[in-house]
Amino acid sequence: MFALVDCNNFYVSCERVFSPSLEGRPVVVLSNNDGCFIARSNEAKALGLPMGGPAFKFREVLKQNRVAVHSANFPLYGDMSARVMQTLSALAPDIEVYSIDEAFLDMTGFSRFDLESYAATMRKTVRRTTGIPVCVGIAPTKTLAKVANRIAKKHPASNGVCVLRTAEAIKAALAMTPVEDIWGIGRQWSRRLQTQGIMTAADLAAADSTWVRKHLHVTGARVQAELNGTPCLAIELVRPAKQSICTSRSFGKCVGTLDELQQAVATFAGKCAYKLRREHSRASMVTVFTGTSPFEEPEARYWGTRTITLPFPSNNTTTLLNAANNVLSGLYREGYGYRKAGVLVSGMVPEDQPGTTLSLFGEEESPGDRRQQELMAVMDGINHRYGRGTIRLAAEDDQAWKPQQEQLSPHYTTDWADIITVRA
DNA sequence: TCTGGGGTCCTAGGACCC
DNA sequence: TCTGGGGTCCTAGGACCC
């Protein structure tokens, strides 16, 4: 049996932990730049505010209903997530952290437990130690655990817990799950299934498996098998190293000059290098992209992306920053109002991989340059101790393109300055 | 009449997840 | 005025190898 523990309206719940006056009120959390809704309280959902909806189109609804609006505060959410996951780790031997607000727990070995009451204990424990409300779904496969969790969330009578054990319980659960709500079935595939008359998870479970394999490929075939109780997906205890790392932002205002764009790209490259070091990886390719808003008139629209291969895989801030800047120069076109840019690094190699091939001509930065590595370690150490951004390369700067965050809550758990402000 | 069989690597595009 | 950010996997097709 697998348990899926999923936090309710996670970002909203994080804000509520520190502002209890938000309880019972409609609350939304906005994406970077205060653009779209990325989390909604149940009250906000009831007002018809859609996930991903652009906030400016709903300004009247927000005002009339006195909706509490918060800018995204990812350092806070990341820290709260870590606390939830730590609590869950103590409740089951094997846990897979699936996303910022979800974890799968391996319930093998709990066969003699009353799973309903154990799940209720998990909810209570997480609530007590972190303040975050969660729902628990338990079933014989991960996909069925997702189905169970959805039912636990949707039906107040379940008290936040749904265990699917018997064939009858599973059958009933599948019948009440629309096909578009199945984990792994997105918009395209649900449309395709619906035209075949496959409307619910029960229909998909019973569908012709040859047809499913042909049109939904192995991924869809796996979903079908999992719905029928055959586990195809295991708990992944160790997260595999990332294959690509991306840092990108929309800008708070239009950026026109190459100089300003360079500051943004330098900052993103620096962030990518830091994330690489944290992963103990090096990247061998650097991609830079930038462009105008996609909602711009066609003649004023521009989107450019370009990739280069580094002479050696690297996670050095200076190396990646120089590379990204070179790529950007080839991408930049004068006369556009740039609204977004990003840096993506890929072609990862483990940091400790021995025997990296040397250059035939030997003029590039040596891949294992000890002094550079020590410099990066010192930089990371200072930033860890005194806060992010305490020390950085001069080229990194956010003055020109800083995203808008007008409703930002304090960093209650990760920034001394904010904690002191709260107390005052 | 009759033109093999078995592979790898890379890329682009399309789907999906949170 | 105003529309997020960060990932993964799969398939098909083309190029190459012996």
Side-chain angles (χ1 to χ4, degrees), chain A residues 4-11 28-39 49-60 62 69-75 77-78 81 96-104 142-143 146 149-150 179-193 212-223 232-233 236 239-254 268 271-272 275-276 279 281 284-285 287 289 291-296 301 305 307 309 337 339-348 403-407:
Chain A
L4 175 66
V5 181
D6 192 316
C7 303
N8 303 350
N9 314 328
F10 181 55
Y11 300 161
V28 294
V29 173
L30 303 180
S31 62
N32 263 332
N33 244 333
D34 293 343
C36 306
F37 304 129
I38 55 169
L49 299 172
M51 185 65 172
F56 75 91
K57 284 193 180 169
F58 295 90
R59 187 149 346 105
E60 277 310 301
L62 295 175
V69 177
H70 282 257
S71 302
N73 187 343
F74 291 112
Y77 310 149
S81 170
E96 171 187 344
V97 177
Y98 175 67
S99 73
I100 193 162
D101 71 334
E102 284 171 72
F104 286 104
K142 280 180 158 184
T143 306
K146 276 271 194 183
N149 193 287
R150 178 179 168 278
V179 82
E180 67 268 24
D181 286 348
I182 303 169
W183 187 42
I185 305 295
R187 263 223 307 271
Q188 301 297 319
W189 285 359
S190 34
R191 246 191 286 148
R192 191 119 173 215
L193 289 167
V212 173
R213 174 64 182 84
K214 178 151 182 241
H215 292 96
L216 270 51
H217 317 297
V218 295
T219 324
R222 266 198 298 256
V223 171
C232 303
L233 305 168
E236 292 188 22
R239 186 176 59 74
K242 286 196 166 77
Q243 299 172 26
S244 65
I245 288 174
C246 180
T247 306
S248 74
R249 289 287 176 281
S250 295
F251 303 147
K253 60 178 174 83
C254 277
F268 304 152
K271 198 88 167 240
C272 283
K275 291 179 187 173
L276 278 167
E279 288 262 322
S281 281
S284 46
M285 285 181 285
T287 304
F289 51 87
T292 60
S293 160
F295 304 101
E296 197 65 72
R301 216 180 290 162
T305 170
T307 304
T309 302
R339 207 68 217 216
K340 181 175 178 143
V343 174
L344 182 138
V345 294
S346 55
M348 308 316 205
Q404 288 178 19
Q405 293 188 306
E406 288 186 356
Q407 315 291 336

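Source: prediction; values computed, not measured. Note on naming: letters A, B, ... go to the chains in the order of the sequence lines (proteins, then strands), and numbering restarts at 1 for each one.
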Review point. Which is true for A/Arg222 with a 4.0 Å heavy-atom rule: it touches a base, it touches only sugar-phosphate, or it touches nothing?
Key: sugar-phosphate
Tell me, please, which residues at least two apart from [X] pass side-chain hydrogen bond (donor to acceptor under 3.5 Å, both in side chains).
{"X": "A/Ser293", "result": "none"}
{"X": "A/Gln405", "result": "none"}
{"X": "A/His215", "result": "A/Trp211"}
{"X": "A/Ser31", "result": "none"}

Practice item. Assign a letter to each nucleotide of nucleotides 9-18 of chain B from its 5' end: B, base within under 4.0 Å of a protein heavy atom; S, sugar-phosphate only; -, no contact. Key: ------SSSS
Check your understanding: Where along nucleotides 2-7 of chain C does protein come under 4.0 Å, by heavy atom, of base (B) or sugar-phosphate alone (S), with - for untouched nucleotides?
Key -> BBSSSS
Under the salt bridge (charged side-chain N to carboxylate O under 4.0 Å, His left out) rule, collect the residues that match up with [X], sequence neighbours excluded.
{"X": "A/Asp34", "value": "none"}
{"X": "A/Lys253", "value": "none"}
{"X": "A/Glu279", "value": "A/Arg239, A/Lys242"}

Point to revise | With sequence neighbours excluded, residues passing side chain to side chain contact (heavy atoms under 4.5 Å, CB included) with A/Thr307 | key: A/Met285, A/Thr287
Exercise for review: Apply side chain to side chain contact (heavy atoms under 4.5 Å, CB included) to A/Ser248 and list each qualifying residue two or more places apart in sequence or on a separate chain.
Suggested key: A/Cys246, A/Phe289, A/Lys340
Check your understanding: In whole Å, what separates the C1' atom of C/dC17 from that of B/dG4?
Key -> 15 Å
Practice item. Fill in the dot-bracket string of DNA chain B, one character per base: . for unpaired, | for a pair to another strand, ( ) or [ ] for pairs within the strand, taking Watson-Crick or G-U pairs under 3.5 Å. Key: ....||||||||||||||
Practice item. For the residue pair A/Trp183 and A/Phe104, categorise the inter-ring angle as parallel (less than 30°), tilted (30 to 60°) or perpendicular (more than 60°). Key: tilted
